[in-house]
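Chain identifiers are assigned alphabetically (A, B, ...) following the order of the sequence lines, protein sequences preceding nucleic acid strands; residue numbering begins at 1 within each chain.
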Number of protein chains: 2
Amino acid sequence: MTSDQTPAQRLPTLEDVAQVAGVSRATVSRVINNIRNVDPQLHKIVWDAVSTTGYVPNRAARSLVTGRTGSIALVVSEAENRAADDPFLGRFFSDPFFGRVVGGVLSVLRPSGVHLALTLAGDEDACAKVVADVRQGQVDGVVVLSLHPHDTLPRLLADAAVPAVLYGRPAAPMPISYVDVATYTGAKLAADHLAARGCQHVATISGSVDMPAGADRLHGFREAMAKQGVAYVPSYDGGFTHEGGERAMERLLAEHPETDGVFVASDVMAQGALAVLRDHGKSVPDDVAVVGFDDSSAALASRPQLTTVRQPVEDMAAEMARLLLARIDQRANRTTSVIFDPELILRASA
Amino acid sequence: MTSDQTPAQRLPTLEDVAQVAGVSRATVSRVINNIRNVDPQLHKIVWDAVSTTGYVPNRAARSLVTGRTGSIALVVSEAENRAADDPFLGRFFSDPFFGRVVGGVLSVLRPSGVHLALTLAGDEDACAKVVADVRQGQVDGVVVLSLHPHDTLPRLLADAAVPAVLYGRPAAPMPISYVDVATYTGAKLAADHLAARGCQHVATISGSVDMPAGADRLHGFREAMAKQGVAYVPSYDGGFTHEGGERAMERLLAEHPETDGVFVASDVMAQGALAVLRDHGKSVPDDVAVVGFDDSSAALASRPQLTTVRQPVEDMAAEMARLLLARIDQRANRTTSVIFDPELILRASA
DNA sequence: TGGAGGGCGGAGAGCGCTCTCCCTTTGTGC
DNA sequence: GCACAAAGGGAGAGCGCTCTCCGCCCTCCA
């Protein structure tokens, strides 16, 4: 209509919509944000104008005045003054776990229109920057995947009292929200299953015991076995890696060749353990039954496929997002924890 | 100094810094953005003021005036009117590939202070929204992981002429930048290796041949084998999945039991193929040599570990980010392709 | 010594939006 | 019929930043 026939040059603004609709900017804003009552007739006129102009709100402008960005960060943190070229983060990213978390978080964020920004916090500086970012409103809150028990980020976040949710219980008690899986229950599932199979000589390959997940899975398993009347369960630390699982299984077979049932605290380690068992000519599950933990894609890729304790990663990640959004919207201002029940997935290995 | 002693209430702005430094807002802005020459002495004074106030620029305000957001989106796209509850995306996210791309992209983005937003484009609407987002300046550009040959997003992006870079050559020729691996070279690496081992009966398990990666790996392999004097190479479609690899290997063994060398177009399929070979009592590599493609974590998790054609995913992802940033900064305004050379990684399977 | 020119800092106008205030209109009770 | 309330819409002030203009001052040359 006007002489402004240069397409893709200037984007429609609220002002343009207002002009087309014949109302004020304020009214359009009210309609779009569903604030206060607007005459239903005007309501329709405004929406029509929005679609004819092809208007989309400008995030930056909105953020500037509301002080909210409509985006949260997924922080992968492992700050413990690790060398910059340490391949640890690289290894983490190639673990399916990361992708599953992303998928879960996005499933909640997408409907609400909130953006997900990815951030790596590899050292103390980066952690400080994450905290600064959320305090300064560059993001509205953070969802944290903390990879290391001595990671300083959870503490910083708790102290700053910013909206944040952790995946997994923090290594030390602190006022911060988190989601987790009921590890003891999961370990018990594994123990009871091995006992029910009639395993007489049960052992375990644990994760790093300085991590909550590692310690809990080990203690939970021992406790459950104790309830079954088994006073002692040999354990070997596999450090949550494939190679660690192999080494642990080698030692286990050398020191306890009578073993006929193993609870391995992660599927990735279990995959390594299975390879070693095969090399030693042990049949799984007939000679040795193996139960894993996580139900990651490694469980399906293993031969035989792993019987494992399922950790509902996607659901847990989705809950993280929900908790965070609630906190940001002030619908909840207390720290909360949500614990998920694990499930025993029966496959071929036990 | 002032009565504004409420901490964590109001964040320092340019104005505050200017006041502390005793200069104007404009000068502080110039110093921070390194624009024009500013007296070196003032320069220092301003930076001192910045650190005493703890000032950090407000992204939203900056975006509003510059029209740039300082963030790009990583779009995972597979729009082909797939059902919403299709588990395909979920499977994709649990593939290590995704995480490796993220890691590569972030390695470039982090130093330049650009944020990475994650986006899923699961249907046509979502694709349109992605294009709209970048046209409307919600993000400055996109890096695309397109999972399906009939995905409409690349075409939309090319038509809109917005800053975008694809991972992998588009299924149909179009003016859009991309990075890729020299597939033919990679397939030749595999073919030559199998020939050098003395394999007499070589076959291949291909990926989906309607995807460029699938077709190229198959044709490249056949061409290279032809150069070795082998006129015909049996091929079986494994669809790029673990199970597909298993099924393809079953058929291959049934129809060509004499096979002593296989090129499998992805490590994930190769892992499935290895399991089948083991079940059939075939020794790898003595009875059958297996060469994979990708060098993903599956290659290391396989038993025996896979000899495979390495696709430098992290490097390619990093290059995507570099190309995109160059395009956004107007340093490059033509579409560009960068092709990476694959490398044969020798392990136990061939 | 006067004028031109360049280097450098300040003033101020917005970017597009939300939100508070205020005004108009309409409805309601006495 | 009047006072008051309530509801709906408009005007306009910013949010924090960049960037264009403008003016000052210092240098250099004629």
Do A/Arg25 and C/dT18 share a donor-acceptor pair, side chain to base, under 3.5 Å?
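Indeed, a donor on one side and an acceptor on the other fall under 3.5 Å apart.
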Could one point to a donor on the side chain of B/Arg59 or the base of D/dG16 with an acceptor on the other under 3.5 Å away?
-> no
Nearest-angstrom distance from the residue atom [atom1] of [X] to [atom2] of [N]:
X       : N      : atom1 : atom2 : value
A/Asn33 : C/dT20 : CG    : C1'   : 15 Å
B/Glu15 : D/dC15 : CD    : C1'   : 13 Å
B/Leu14 : C/dA11 : CG    : P     : 14 Å
A/Asp39 : C/dT24 : CG    : C1'   : 14 Å
A/Ile32 : C/dC19 : CD1   : P     : 13 Å
B/His43 : C/dG7  : NE2   : P     : 17 Å
B/Ile35 : D/dC19 : CD1   : C1'   : 9 Å
B/Leu11 : D/dC17 : CG    : C1'   : 14 Å

Which of the following nucleotides, [options], is nearest to the side chain of [X]?
X       : options                : value
B/Ala26 : D/dG16, D/dC15, C/dG12 : C/dG12
A/Thr66 : D/dG16, D/dG10, C/dC19 : C/dC19
A/Val65 : D/dG16, C/dG9, D/dG14  : D/dG14
B/Leu64 : C/dG16, C/dT18, D/dG10 : C/dG16

Assert: residue with more 5' nearest nucleotide on DNA chain C, out of B/Gly22 and A/Ser29, is B/Gly22
**Request:** Give a yes/no on whether any side-chain N or O of B/Thr13 is located under 4.0 angstrom from OP1 or OP2 of D/dG16.
**Result:**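 Negative; the distance criterion is not met.
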Between B/Thr27 and C/dG10, is there a side-chain N or O to OP1/OP2 distance below 4.0 Å?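 So the side-chain polar atoms of B/Thr27 do come within 4.0 Å of the phosphate oxygens OP1 or OP2 of C/dG10, strictly under.
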Do [X] side-chain atoms and [Y] backbone N/O form a donor-acceptor pair below 3.5 Å?
X        : Y        : answer
A/Thr66  : A/Arg62  : yes
A/Gln136 : B/Pro12  : no
B/Ser177 : B/Thr336 : yes
B/Asp140 : B/Arg68  : no

Is there a side-chain contact between B/Tyr55 and B/Val20 (heavy atoms, below 4.5 Å)?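 Counting from C-beta outward, B/Tyr55 and B/Val20 never come under 4.5 Å.
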